[in-house]
2 protein chains.
Amino acid sequence: MADSDTQPSVDKPNRVRTITDLAKIAGVSPGTVSRALSGNSLVNTKTREKIEAIAREHGFRPNQMASKLRRQKTGVIGVAIPLGHDVRQQISDTFFMTLLGHLADELTERGFDIMLRRVIPAQDEDWLDRFIGSGMIDGVIVVGQSDQFDRIEDVADGYLPMVVWGNHQEGQRHCVVGTNNRLGGKLAAEKLIAAGARRLAFLGDTQPIEFAARFAGAKEVAEKMGVSIRALPTHLSRDQTSEEIAEHLSNIEGEIDGIFAATDTIAVTCLKELRDRNINVPAQLKIVGFDDLPISSQTVPPLTTVRQDIAAGAKGLADLLLRRLAGEDTESLVLPPHLIVRDSA
Amino acid sequence: MADSDTQPSVDKPNRVRTITDLAKIAGVSPGTVSRALSGNSLVNTKTREKIEAIAREHGFRPNQMASKLRRQKTGVIGVAIPLGHDVRQQISDTFFMTLLGHLADELTERGFDIMLRRVIPAQDEDWLDRFIGSGMIDGVIVVGQSDQFDRIEDVADGYLPMVVWGNHQEGQRHCVVGTNNRLGGKLAAEKLIAAGARRLAFLGDTQPIEFAARFAGAKEVAEKMGVSIRALPTHLSRDQTSEEIAEHLSNIEGEIDGIFAATDTIAVTCLKELRDRNINVPAQLKIVGFDDLPISSQTVPPLTTVRQDIAAGAKGLADLLLRRLAGEDTESLVLPPHLIVRDSA
DNA sequence: ATGAAAGCGCTAACAT
DNA sequence: ATGTTAGCGCTTTCAT
């Protein structure tokens, strides 16, 4: 008798999938539903409440894909982690993971979602263009320059909403957030020397520019102070590191009295190897790390290290990206490192 | 004279943004371009090459939003990390971050992107429905049940493509991947007892069901062997943990000779505190951890612990989710824990 | 305050 | 092998 479409409470209400379905039930137009649900414009309070009630009842959510397509905004920030040198390393590296965690906090707080993409540049030439051009993200944060400095530079000219975690080079074009690695390296070397070391070594890969800068800073101080310093290269995947460090230690037995480790992870492994050889830290050998990871205060002896403020870094990345999203061309942000003195030097 | 739209090589080629722009230039229809670019159907090789060339020349990428809207698939897996108990903890917790890293590897390899969402259930009642209903993801992996067991159960009935990392309960409805925590707890207690401990303590929060299960397993063994065991609760954020552990240690001085720590992170902190009090491990006090994080082999003494196979867990999560995406209703996957004997017990 | 209508850019029948 | 057409579900002028 009555119209069969307008019954509000059938046992199995036909699923409300679209804003149009809902509009039909509410007896209004799709436009009104859209407005009501986005809370945006001036919809009659009664109408809005009615629409909201129906939406709740049916568990309806507007399709984001359609919305984003129409509005040409995604509300998603891409986070790319390029694994340049060593495929196995960075994604499970504590430092990057911690940074990512903080980044997730910051961006979530600002209402953005995160699209995580692990990239292996060697296997995928134009990972960055593809990510940016995918139409799925409003902006991108690149975590770690790896060996992709040039590629990032290329993109930076034509694409504003990108911020990179990494090292700052004089005159670079992309916006970067990172610790002053060179200064950090200086701090480390100064501390080692002040503690009495005279024959230094830098333990770690010197290829990545962050690490290169740390080494350069240490070297500058060492040379100024008339102290020797050499590089003892390691790779980054954990399994190898132990052996490599062991080998280095055998080779330099007695020739070295101070080690500046490129990262705390390396320092911790080194500490373990030294212990196994009964070399006393800091009496026989002093050691300074970099990062100040949570473990570093728990080692034996507790590690003297150069602290990177990861939380501040994440906040900086998020802040700058949002400003760039708004059209501003921001400067890079270089954070000061802090020497944390514990017992290893 | 000639049509002014068809010039192939003007100096500043008007930006090719859509498949239709490209079609116009190539002198074909949008449909053909779509087919050519998706490499899918049988397009004339010449035509395809021409289209690909133009696309490359103009740096054109099809808009993903539009494509996904049309195809009703996103190629994105949502990864939700509920922070139930302690807002500051889990996202920077090494264990979860490592799992996330492996998950990123697995899903990327299978051609999916990851949408990361950090959720604080206390502040957002229906986080899970919202995530699923957002239309932005094809399926969801929930990393950690936290205190959201019931909410997850509710959703599981109506939503197939969901897999959860966590503990398996008899008769639960959602598909879970995780370590057999109870068995892990047994292993730990057995080891402590075999090493000579007779007065045990479980160090850690017993609220989260994973931890509760570990404790229950240990308790079962202890009772069977006529050995005492008590719980020493801690919270999860790192700053507090140290103090809490210190307090516990003061209180139980001499009353305890074996500690089963809920996680390696707790165990490492405990080891440090014990060292500060000159309590010898394992002579005076034995300790067993849980997880087998990378640090655990580097502590002094190296930590005896119950290993969770994180990589296998990540693979399991990805595998099961893909099968569910294909419509299959999969069983849960319970992974066996492994006792790793080092020097702390 | 609401409705009508025109797309956002792409894909997949259905034709040819 | 390619063109034509009709949407995917939403938002936003432009009317009223």
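All chains are named by letter (A, B, ...) in the order of the sequence lines, taking the proteins before the strands, and each is independently numbered beginning at 1.
A salt bridge links Arg130(A) to Asp124(A): one of the charged nitrogens lies within less than 4.0 Å of a carboxylate oxygen.
Going from atom CZ of Arg71(B) over to atom P of dA6(D) covers 23 Å, rounded to whole Å. Counting to the nearest Å, the P atom of dC10(C) and the CG atom of Leu22(B) are 9 Å from each other. Summarising the geometry, the separation between CZ on Arg61(B) and P on dC10(C) is reported as 13 Å, rounded to the nearest angstrom. Computed from coordinates, the Asp21(B) CG to dG9(C) P distance equals 9 Å when rounded to whole Å. As rounded to whole Å, 15 Å separates atom C1' of dC8(C) from atom CD1 of Ile19(A). The separation between Met136(A) atom CE and dC10(C) atom C1' is 14 Å, rounded to whole Å. For Arg17(A) and dC8(D), the CZ to C1' distance is 9 Å, given to the nearest whole Å. Atom CE in Met65(A) sits about 18 Å away from atom P in dC8(C), given to the nearest Å.
Using a 4.0 Å heavy-atom cutoff across all strands shown, Thr18(B) reaches sugar-phosphate atoms only and no base atom.
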* Please lay out, stage by stage, how Gln145(A) and Trp165(A) fare under the test side-chain hydrogen bond (donor to acceptor under 3.5 Å, both in side chains). => CA-CA 7 Å; Gln145(A) 290 149 322; Trp165(A) 172 268; over 6 Å; no
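When the nucleotides dG9(C), dT2(D), dT11(D) are ranked by their closest atom to the side chain of Val43(B), dT2(D) comes out on top. Comparing dG9(D), dT2(D), dA1(C) against the side chain of Leu69(B) picks out dG9(D) as the nearest. Of the listed nucleotides (dC10(C), dC10(D), dT2(C)), dT2(C) has the atom at the smallest distance from the side chain of Arg35(A). Side chain of Ser29(B), nearest nucleotide from dT4(D), dT11(C), dT11(D): dT4(D). Comparing dC10(C), dG9(D), dT2(C) by their closest approach to the side chain of Ala66(A) singles out dG9(D).
Of the side-chain N and O atoms in Ser34(A), none sit less than 4.0 angstrom from OP1 or OP2 of dC10(D). Within the 4.0 Å cut-off from OP1 or OP2 of dA1(D), not a single side-chain nitrogen or oxygen of Thr47(B) is found. At dG9(D), none of the side-chain N or O atoms of Thr20(A) fall inside 4.0 Å of OP1 or OP2 (strictly under the cut-off).
In summary, the side chains of Asp150(A) and Gln148(A) do not present any donor paired with an acceptor at a separation below 3.5 Å, with no hydrogens or angles considered. Side-chain contact, Thr330(B) with Arg324(B): a donor N or O sits under 3.5 Å from an acceptor N or O.
Remark: Glu109(B) engages no residue in a salt bridge (charged side-chain N to carboxylate O under 4.0 Å, His left out) (not counting sequence neighbours).
Between Val28(B) and Gln72(B), the one whose closest nucleotide on DNA chain D sits nearer the 5' end is Val28(B).
Under 3.5 Å, the side chain of Arg70(B) and the base of dG9(D) form no donor-acceptor pair of N or O atoms.
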